[in-house]
Amino acid sequence: MSSTLTNPALVTRDAARRLPRLALWLLGAAYVLPGVFGRDPWRNADLVAFGQMLAMAEGRTSWLVPALGGVPTEASLLPHWIGAASIALTSGWLEPALAARLPFAGLLALALAAIWYACFNLARTEAAQPLPLAFGGEAQPVDYARAVADGALLATIASLGLLQLGHETTPELAQLAALASFQWAVSVAPHRTWAARLGALLALPALAASDAPFIALALGLGTLVLCARTQLPALRRFLPWAVAATVLSVVVAWPVHAWRWRLGEPVDIWQLLRLLVWFLWPVWALACWTLWRWRGHLGHLHLAVPTLSLGIALVATIAMGGSDRALMLGLPGAAILAAFALPTLRRSTAAAIDWFSVFAFTLCALTVWLMYLAMQTGFPAKPAANLLKLAPGFKASFALGPMLLAALATVAWLALVRWRTGRHQAALWKSLVLPAGGVALCWLLVMTLWLPLLDYARSYRPVIDRLGAVLPQRGCIAAPGAAPALVAALEFHTKRRVDGRMASVHGDCAALLQVQRDQPPTGTPASVPIAMPWREVARVNRPTNRHEWLVVYRREAGAPGLKPPRQR
């Protein structure tokens, strides 16, 4: 039986209408921009990566062999260079945390654009086209491809796993943008020869230089197989360039020290399944439906390319002990597969997705607004009391701008719900409008109405402000063995040098900081690396963590710095 007879897609011209571009741009902005402005770096990976970038930009560490607090790190160089360069270039007119965040917001936007264009080009291939209708009126190829691509973008925004990880200044976001760009390069090879070649030569080495050389190598080798087995002449001509991109990615990974094993502990199958279900929701269900309904086309480009990238990400997730950051690299492939489910969805399935989205995201929005009201007024009393218990010492302040923005987003959500549920819409992408809009709404509400609370809970600024009264006004801070996130926070918030080496207790710093997980009973002497010449002066804990204490010691008056003992 030919592939044409097994094609499951039947799409009318009316169903292939495109999503209005203004609505698409506004939805993208509502997803990408919240969380970029007006906050501190948050624990843990976000803060560590930013601290490394800041140290590079301020010249406190080498750009080739980076260290944080004097302790060498295994930071992936390319993503940290991007953030450090942005901080250095905007020094004096942009706050460092915002300067580091802006290029990573651009990387998220690049990933979304690459997913759209990859799906658009894959949907234009002959095997992906829907069947002609008996009496005419079928969708035109370009219109159909555009509608499917809109669905892929909506599926990406709707995925829950990308929310937090996609808004951090971490190497994984650079990996996501590079992988999505390489996926676009392969998809566009049959249509735009030189754009595909240049994109592959840039994207695959960038993926390797962003601390994912094994994924880059696997993706390159898988692409070689696709090019060798394809019947598309243009894709066969892409084979030498795929070889060049693969070899270049292997070579580039050496000078940036990216070849490191990152294998994790064996992952429990149920833990892995839970991760897959929530992280890839709702795209995993639609992707599975695509693989079933299009099972006679698995060798064609529009399914082979996204399946390859998703499969490699799943293998990496398992090898790394159930890493959600590795699983994030499967989103470009999963979103494209989910988009090809749209022409084959039953009306009952689409209705179930709509009503679940309306219920879940409206309830989420109501919860955010209720907690915001409790923060501002103390009513309702029970949520306000719970808030004080979870974040003791937090004082809410009213800001008109964020509140108006949140109100506009809520009105837009109500209008979207009315549009979708008011009458049957024929658009191909209709089933993913409410999931994507609901995720964007809740993210925007949390990043506006709850941002001061989240900043208070997830930033080190409150505890370091309390340390300011007991730390010496000048001199470095010794923090032997401290977590990289704490070292980064101290250097950022205190604007002073922090020595995180174990030998710093013998150095000449005026203050020493130790972390204790639980406060000892009153009168119990604290455990310090060397009792002399340090004297405990204070212990402070984060308002949202009652089990971690920062113990501050100051050097006794007149006590000289101790030299580390000689090694025999």
How are the rings of Y372 and W369 set to each other: parallel, tilted or perpendicular (split at 30° and 60°)?
-> perpendicular
Gap separating the CD atom of E58 from the CG atom of L54, nearest 0.5 angstrom = 4.0 Å
Hey, is E491 close enough to R497 for a salt bridge, meaning N to O under 4.0 Å?
-> no
If the plane angle is over 60° it's perpendicular, under 30° parallel, otherwise tilted; pick one for W259 and W254.
-> tilted
Do R325 and Q175 have side-chain atoms, one donor and one acceptor, less than 3.5 Å apart?
-> no
Evaluate whether atom CE of M502 has more than 12 neighbouring non-hydrogen atoms of other residues, nucleotides or ligands under 6.0 angstrom away.
-> no
Compute both the distance and the angle, then confirm whether R535 meets the cation-pi test with Y553: under 6.0 Å from the six-membered ring centre, within 45 degrees of the axis.
-> no
Is a side-chain donor or acceptor of R555 paired with a backbone partner of C509 at a separation under 3.5 angstrom?
-> yes
Within a radius of less than 6.0 Å around CH2 of W278, do more than 12 heavy atoms belonging to other residues, nucleotides or ligands occur?
-> yes
Min side-chain heavy-atom separation L47-P484 under 4.5 Å = no
Would you say F37 has more than 12 foreign heavy atoms packed within less than 6.0 Å of its CZ?
-> yes
Any side-chain heavy-atom pair of L390 and T544 under 4.5 Å = no
Determine whether S309 and L219 make a side-chain contact, defined as any pair of heavy atoms from C-beta on separated by less than 4.5 Å.
-> yes
Do T362 and W413 meet the criterion of a side-chain donor-acceptor pair at a distance under 3.5 Å?
-> yes
Could you give me the CA-CA distance, side-chain angles and deciding distance for E168 and W42, then say whether side-chain contact (heavy atoms from CB on, under 4.5 Å) is met?
-> CA-CA 9 Å; E168 293 181 344; W42 290 346; over 6 Å; no
Would a 4.5 Å heavy-atom cut-off, applied to side chains only, mark F104 and S86 as touching?
-> no
Exceeds 12 heavy-atom contacts within 6.0 angstrom, atom NZ of K382 | no
Mind checking the CG-CZ spacing from L486 to R542? Nearest 0.5 Å is all I need.
-> 9.0 Å
Note, R466 side chain near P543 side chain (heavy atom, < 4.5 Å) = yes
Could you tell me whether R554 sits above the aromatic face of W534, with NZ or CZ closer than 6.0 angstrom to the six-membered ring centre and within 45 degrees of the axis?
-> no
So, E74 and R260, do they make that salt bridge, N to O below 4.0 Å?
-> yes
Interatomic distance, CG@L162 vs OG1@T156, rounded to 0.5 Å, equals 7.5 Å
Check step by step if side-chain contact (heavy atoms from CB on, under 4.5 Å) holds for S159 and L280.
-> CA-CA 6 Å; S159 60; L280 294 179; 5.8 Å; no
For the pair H167 and Y31, name the ring-plane relationship: parallel under 30°, tilted 30 to 60°, perpendicular over 60°.
-> perpendicular
No-hydrogen, no-angle side-chain donor-acceptor test under 3.5 Å, S459 and D40 = yes
Distance from L165 atom CG to L160 atom CG, nearest 0.5 Å?
-> 11.5 Å
With the side chain counted from C-beta on, respond yes when V552 and E536 share a heavy-atom pair under 4.5 Å apart, and no when they do not.
-> no
Measuring from W81:CH2 to S210:OG, what's the distance to the nearest 0.5 Å?
-> 10.5 Å
With the threshold set at 4.0 Å, does a side-chain nitrogen-carboxylate oxygen contact exist between D46 and R101?
-> no
